[in-house]
Amino acid sequence: LLNTVRCLRRCGPVLAPKYSGATRKHASWVSGHKDPLENVNFRKSFPSIFPSPHGSSLRFLSQKADVFSAGDEIQPKSTEALGSEQVPQSSLELKNSKDDSGGSKVKPVVDHNEQFFSSLRKCTCPSDVLDLASESAVSLKHFTNCLTTTWRLLKTLSEDQQRYEKQLIFEHPVFVKLCQHLLRDARRMTRADLVFSLHAVVNLGVPQNTLLVQTLLRVCQEKLNQLDNRCISVLATTLAGLDKDKNVSALQAGLLLLAEQRIPSIRDIFILQNLMKCMGKDAPVFLKKKLEMAVLKEIDHLTYINARRVFLGLVAMNYCSIPILNACSKKIQENIHDAQFWHLILILEACHNLQYRNVKLFSTVADYVNSSVCILDKKQIILFLSAFEILGFQPSELMGVFAEKVTADSEFLDLKSLLIVLRVYSRLNYLPKGQHLFFWKRFFETLQSCLNKYLPQISNTELLKAVYSLCILGYLPHRALDQLLQKESYEKLLPSGDLYKEKKEMMLRCVRTCMELDSPSFMKPEFVPTENFSSLVSLNLRKAREALLELLGDENMFRQNVQLPYKYHIDFEIRMDSDRKKVLPVTATDNHPDASVQRLAFLFVPLSAFCLGTTHPQGKLAMKKRHLSKLGYHVILVLNKKFQEMTNEDAVEFLKGKIYSENASP
């Protein structure tokens, strides 16, 4: 004990300059407000006598890990730097009190801090910040602010500039010193400096397995209960960009418990959407509902930026809240002219991931893109078309304008872009209205010419996709077909054990059907042989069968579950005279085929078979309708969902109107 007291007295002069008279009492060992053993000079004076009551801050880590070295591989995270726009204000600014004890010493400190932070605000690139740190940074607050400012300036640059600046940052000698200061004084940081420094270090690309990142994560665990809502938001954003390890998992678990307690009291949507991103899809359902209720309470104060971020937060949680999405969609539509290109793409992708369909939102985005088509790059337009195709929405005006651009100049179409364009136009079954047949033929010929250019280098699978898309549209690319159907290509296309073999076989069967039925030499047959058909009717067609029985009075007046050549199937077949005034028995027309007999094919199709918000059939359904017409059928498409919602009387009247011609009475 006496040796310890002597040691403490010897350390007195070392500790004295670091604390003013007003704050020295808080550093007292006895007071308990601050752990004196965390002071570096104090621990160095007698390292073997008093171990830190918290244990070594680095003992839980591998001692082989480096703080950071310029040779480490940089793995920048893709996390959006939410919440880091405002650098934490300096806590070293002291009031200029004119007390006798230290008034003359405070003013130089304040002047130095003001001068430093003023110079820091004037920095325009990360290298300027590091140069300033090497010249003027003297306190921990200076070091942390330099790091956060470095990241704030870096994230405003383009990707190429960021790569170059990161290389300069990691080669700068001061950056290593800043990291060493953070590692040594992590426990002395304020809560804001701690989380903002972790956020900056991670986003600057310091590897996660380094001693620095792991130490900051560990200290965040220890101070988790002291964090305010803003710090929690920044920490949540940082954790969302980190890989799972022991410290990250422990911190996320603690953050979940803390968030559960604080969510009801949070009134800032910006913080709530950050928590959504951190919770992720594995969060408990009750916690997702708590976040939903908290956002709904503040939905009236929603801004465009927050609406976009809430969209992405719901995607991160994999939670579809229709009230929130509707409110966000409305706000986005109101501020569509403030939206950036990538933001709109992310919103459309979020709608797909959440299975959220809002025709008004999609139409607004499509109109805005169409109005900006002159300033957008052609490949950006392709990305929009691809996003709309995934949603099943047909932006007809935009597709028409883009078709004109492709016809005028197709040099920008590389193989990847060509395959996307073919897929979009075939699936959405776009046929320009009001356009001359000559223009549409030119558009097809342009696409075929682009495809022929890539035939020497295209893979067999890509060739099949391209030919399949053109065939769905009713166009036969002869040169590509010849290459596809060669024996060598066919064998390579369907190797044994291929996971997509069934899908490729279906596509090949479709191509062969189109080659036969869409050929100019194909003639409509007088009689179409039908294969085995069953009297069993699926549950969703029972209502239609009962309505037909009530309307026609006899099962012999229609046929159900009809299987046709080319693997085509129709739900109900009805045969009528040439004027469509009288329904004929099926058996009688089978025994005596007559070319004047009209054959009606009823197809009860799901909503997904049409383009979103319309009754315009998508590609495969349109192709089936075209081929059935070639076989001599008059095809009637019925939206099964709406039909099931009808009453029995309405269902009978609906079918009655579809069967008989418009001006004929039964």
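As the structure is a computational prediction, the values presented were derived from the model and not from experiment. This chain uses plain numbering: 1 for the first residue, then up along the sequence.
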### Task
Using a 4.5 Å cut-off on heavy atoms from C-beta on, say whether the side chain of Q167 contacts that of Q162.
no

### Residue pair N326 / Y356, side-chain heavy-atom distance below 4.5 Å
yes

#### Entry: Working for side-chain contact (heavy atoms from CB on, under 4.5 Å), residues N209 and V213
CA-CA 7 Å; N209 61 349; V213 174; over 6 Å; no

### Summary
What one should report as the nearest heavy-atom pair of N274 and A236 is O-CB, 3.7 Å

### Task
Test E165 against S127 for side-chain contact (heavy atoms from CB on, under 4.5 Å), laying out the working first.
CA-CA 8 Å; E165 285 292 339; S127 298; 3.7 Å; yes

### Message
Give me the atom names and distance for the closest heavy-atom approach of L198 to L217.
### Response
CD2-CD2, 3.8 Å

### Message
Quiz question: by atom type and distance under 3.5 Å, do the side chains of H172 and D131 form a donor-acceptor pair?
### Response
yes

### Query
Any side-chain heavy-atom pair from F116 and S139 closer than 4.5 angstrom?
no

### Query
Hey, does the side chain of R187 reach the backbone of R184 with a donor-acceptor pair shorter than 3.5 angstrom?
no

### Query
Is the shortest heavy-atom distance from the side chain of D243 to the side chain of V248 under 4.5 Å?
no

### Query
What closest approach, in Å, do P126 and I169 show between heavy atoms, and which atom pair accounts for it?
CB-CD1, 3.6 Å

### Message
Given 3.5 Å as the limit, does a donor-acceptor pair link the side chain of S265 with the main chain of R262, or not?
### Response
yes

### Query
Is there a donor in the side chain of Y304 and an acceptor in the side chain of N306, or the other way round, less than 3.5 Å apart?
no

### Task
Please check if atom CZ in F412 has more than 12 non-hydrogen atoms from other residues, nucleotides or ligands closer than 6.0 Å.
yes

### Message
To the closest 0.5 Å, what do you measure between CG (L130) and CD (E135)?
### Response
11.0 Å

### Query
Quick one: does K223's side chain have a donor or acceptor within less than 3.5 Å of a partner on R191's backbone?
no

### Task
Check whether any side-chain N or O of E260 sits under 3.5 Å from a backbone N or O of L256 as a donor-acceptor pair, and report yes or no.
no

### Query
Is a side-chain N or O of E389 found less than 3.5 angstrom from the main chain of R423, in a donor-acceptor match?
no

### Query
Going through the distances and angles, do L147 and F196 end up as a side-chain contact (heavy atoms from CB on, under 4.5 Å)?
CA-CA 9 Å; L147 272 176; F196 274 99; over 6 Å; no

### Task
Could you tell me the separation between the OG atom of S233 and the CG atom of D268, rounded to the nearest 0.5 Å?
7.5 Å

### Task
Of all the heavy-atom pairs spanning V424 and L385, show the shortest one and how long it is.
CG2-O, 3.8 Å

### Intermediate values then yes/no, salt bridge (Lys or Arg N to Asp or Glu O under 4.0 Å), K379 and D414
CA-CA 10 Å; K379 293 195 174 182; D414 55 20; 3.0 Å; yes

### Short side-chain to backbone donor-acceptor contact, T148 and T144, under 3.5 Å
yes

### Exam field: side chain Q161 to backbone S158, donor-acceptor pair closer than 3.5 Å
yes

#### Entry: Side-chain heavy-atom pair L325, C328 within 4.5 angstrom cut-off
no

### Atom pair CD1 (I390) and SG (C351), whose distance is rounded to the nearest 0.5 Å
12.0 Å

### Message
Determine whether a donor-acceptor pair (N or O, by modelled atom type, separation under 3.5 Å) exists between the side chain of D193 and the backbone of M189.
### Response
no

### Message
How long is the straight-line distance from CG of L344 back to CD1 of I332, given to the nearest 0.5 Å?
### Response
8.0 Å

### Query
Under a 4.5 Å cut-off applied to non-hydrogen side-chain atoms, are T210 and Q214 in contact?
no

### Query
Would you say the side-chain atoms of N353 pair up with the backbone N or O of E349, donor to acceptor, closer than 3.5 Å?
yes

### Message
Is the shortest side-chain heavy-atom distance between I382 and F402 below 4.5 Å?
### Response
yes

### Query
Can you tell me if K244 and Q252 form a side-chain donor-acceptor pair at under 3.5 Å?
yes

### Summary
d(L211 CG, L183 CG) to nearest 0.5 Å is 5.0 Å

### Summary
Distance col, row R188:CZ vs H181:NE2, nearest 0.5 angstrom, shows 10.5 Å

### Task
Using the side-chain contact (heavy atoms from CB on, under 4.5 Å) rule, take I347 and V365 through it: C-alpha gap first, then chi angles, then the decisive distance, then the call.
CA-CA 10 Å; I347 289 169; V365 174; 5.9 Å; no

### Query
At their closest point, which heavy atom of R218 faces which heavy atom of N247, and how far apart are they?
CD-OD1, 4.4 Å

### Query
Side-chain donor-acceptor pair under 3.5 Å between D245 and Q208, yes or no?
yes

### Summary
Here the pair of heavy atoms bringing S197 nearest to L182 is OG-CD2, 4.1 Å

### Task
Using a cut-off of 6.0 Å, state whether more than 12 heavy atoms not belonging to K378 lie near its atom NZ.
yes

### Task
Look only at the side chain of N203 and the backbone of H199, and say whether a donor-acceptor pair between them is shorter than 3.5 Å.
yes

### Flag side-chain contact, heavy atom, 4.5 Å: N335 against D338
yes

